[in-house]
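Just below is one structure, and these are the notes that go with it.
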Amino acid sequence: MSSTPGEKDRPDAALPKRRGYGGRSADELAAERRERLMQAALELFGTVGYAATPTEKLCAVARVTTRHFYEQFRDREALLLAVFEQVMQETRLRVLAAFTETEAAPAAGLIAALEAFLEAQLDDPRRARLTTMEVLGVSPRVEAARNAVITDFAQMAEAYANALAASGRLPARNYRVLAFGLVGAMHELQIACLEPANGLDRETLKEELAFIVQVLLAGAAPAR
């Protein structure tokens with residue numbers, strides 16, 4: 001039987017169609033499995049920890065086979081990175097919105113951004129634990145991803161300070177050190193907040209960070 005003109009030139013012409021079941025396509029089922037694995041990773045990595053969670057446990061909680069796991073992720077580390085990057089991207093969008101939607105005094109935007117960061121992370125302590133504690137020391141690949149996120153948040157803070165300087169509300173200077181310092185402080189403060197013995201909660205952090213920012217920016221404000 002002759003083929004339809006041009007059929008042999010299609011790269012997918014000889015590939016069998018992926019089949020689904022239960023009224024859902026194979027692609028829909030794969031997406032559902034991936035989401036269940038992401039949720040299982042957030043739960044297990046964010047509670048019992050990454051090192052203590054084998055692939056078999058992830059599959060059991062996500063209700064997928066190991067074959068389906070490896071269809072979605074190269075290894076357990078790849079799943080950790082996927083969840084880490086998803087959480088930090090969601091946090092980034094909330095912080096960016098706080099920076100861009102606040103047009104009050106210089107301190108207000110930075111305080112709003114810090115509060116947005118804390119809410120995005122500490123509303124669900126699993127997110128904070130995964131993105132601060134569980135990604136440390138895993139591998140050079142994970143460390144590179146963590147450093148990229150730190151740099152991205154620092155650049156947002158630096159850009160905000162530079163915009164204030166350009167408008168005359170802060171003196172012109174190198175705000176990179178301050179930006180990286182704030183990001184590092186937020187990392188360590190989350191870890192401190194996760195440890196009950198430290199006696200820190202999110203509301204206390206928000207109040208004290210607001211005070212620190214106001215003092216810093218008041219000291220940096222141009223003399224009138």
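These numbers were taken from a predicted model, which means no experiment stands behind them.
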Minimum heavy-atom separation for [X] to [Y], with atom names?
X	Y	result
Glu85	Ala145	OE2-CB, 4.1 Å
Ala172	Ala165	CA-CB, 4.1 Å
Ala41	Leu130	O-CD1, 4.2 Å
Leu79	Phe69	CD2-CE1, 3.8 Å
Ser139	Glu77	OG-OE2, 2.9 Å
Leu122	Ala128	CD2-CB, 3.7 Å

Is the shortest heavy-atom distance from the side chain of [X] to the side chain of [Y] under 4.5 Å?
X	Y	value
Arg129	Ile191	no
Met38	Phe73	yes
Arg36	Glu32	yes
Leu118	Lys206	yes
Thr91	Thr131	no
Met156	Phe99	yes
Met186	Val183	no

Between the main-chain N or O of [Y] and the side-chain N or O of [X], is there a donor-acceptor pair closer than 3.5 Å?
X	Y	result
Asn198	Ala192	yes
Thr204	Leu200	no
Glu208	Leu205	no
Tyr175	Asn162	no
Arg34	Gln72	yes

| With Leu209, the side chain to side chain contact (heavy atoms under 4.5 Å, CB included) member among Leu189, Leu182, Ile111 | Leu189
| field | Over 12 foreign heavy atoms within 6.0 Å of CZ, Arg176 | value |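 Counting other residues, nucleotides and ligands, CZ of Arg176 stays at 12 neighbours or fewer.
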Is [Y] reachable from [X] through a run of hydrophobic residues whose side-chain heavy atoms are each under 4.5 Å from the next?
X	Y	value
Val87	Leu93	no
Val48	Leu37	yes
Val215	Val177	no

Straight-line distance of [X] [atom1] to [Y] [atom2], nearest 0.5 Å:
X	Y	atom1	atom2	result
Glu158	Leu178	CD	CG	9.5 Å
His68	Arg63	NE2	CZ	13.5 Å
Asp124	Glu119	CG	CD	13.5 Å
Arg92	Gln89	CZ	CD	6.0 Å
Ile150	Gln155	CD1	CD	12.0 Å
Arg146	Arg141	CZ	CZ	16.0 Å

| message | Under the criterion side chain to side chain contact (heavy atoms under 4.5 Å, CB included), I'd like the reasoning laid out for Arg94 against Phe117: C-alpha separation, chi angles, the key distance, then a yes or no. | response | CA-CA 7 Å; Arg94 292 174 67 169; Phe117 184 95; over 6 Å; no
| Distance flag, aromatic centroids of Phe45 and Phe84, threshold under 6.0 Å |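 Here the rings of Phe45 and Phe84 have centres that are no less than 6.0 Å from each other.
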| query | Side-chain donor-acceptor pair under 3.5 Å between Gln39 and Glu35, yes or no? | reply |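 Yes, because at least one side-chain N or O of Gln39 sits under 3.5 Å from a partner of the opposite role on Glu35.
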| said: Checking Arg67 against Thr65: is there a side-chain donor and acceptor pair closer than 3.5 Å? | reply: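 No - no donor-acceptor pair under 3.5 Å links their side chains.
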| query | Do we get Arg76 above Tyr50's six-membered ring, with its NZ or CZ under 6.0 Å from the centre and within 45° of the axis? | reply |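 Yes, cation above the ring, under 6.0 Å and within 45°.
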| query | Checking side-chain hydrogen bond (donor to acceptor under 3.5 Å, both in side chains) against Gln121, which of Arg127, His187, Arg126, Gln190 comes through? | reply |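 Testing Gln121 for a side-chain hydrogen bond (donor to acceptor under 3.5 Å, both in side chains) against Arg127, His187, Arg126, Gln190 leaves exactly one candidate, Gln190.
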